[in-house]
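Quick one: this structure, given as C-alpha cells, is what I'll be asking you about.
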Amino acid sequence: MIGGHVFIVEDLVTTGPCKRLTFTTGEHFTIRPHTVLWAARRINPRGPRRPDAQDHTRGHR
C-alpha cells in the first residue's frame, strides 16, 4: 500500500544491482542499491501498549 492505495506487483525484473517492479496499473518502480523505502505507521510503536498485548521478551513466572 502506497499513500493509501493498493498496488499489485505484476512483474519483477532484475537488471544488475537494480530491481524494477511493474504494477498492474502499468507504472514502474526501480529499486537501486541505495534506495530508501520509508515505512510509516498510523500507530506510534513507542506509545502506550494495549492491555492484551503480551511481552514476549521476558520470561513467564
As an exercise, state the distance from NE2 of His34 to CD1 of Ile31, rounded to the nearest 0.5 Å.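 That separation rounds to 14.0 Å.
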How long is the gap from CD on Glu10 to CD on Glu27, to the nearest 0.5 Å?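 Those atoms lie 12.0 Å apart.
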Heavy-atom distance under 4.5 Å between the side chains of Phe23 and Ile8, does that happen here?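 No, too far: nothing below the 4.5 Å cut-off.
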Cluster link Phe7 to Phe29, ILVMFWY, side chain under 4.5 Å: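 Looking at the clustering, Phe29 is in the same group as Phe7.
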Shortest non-hydrogen contact from Leu21 to Leu12?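 Shortest heavy-atom separation between Leu21 and Leu12 comes out as CD2-CD1, 3.2 Å.
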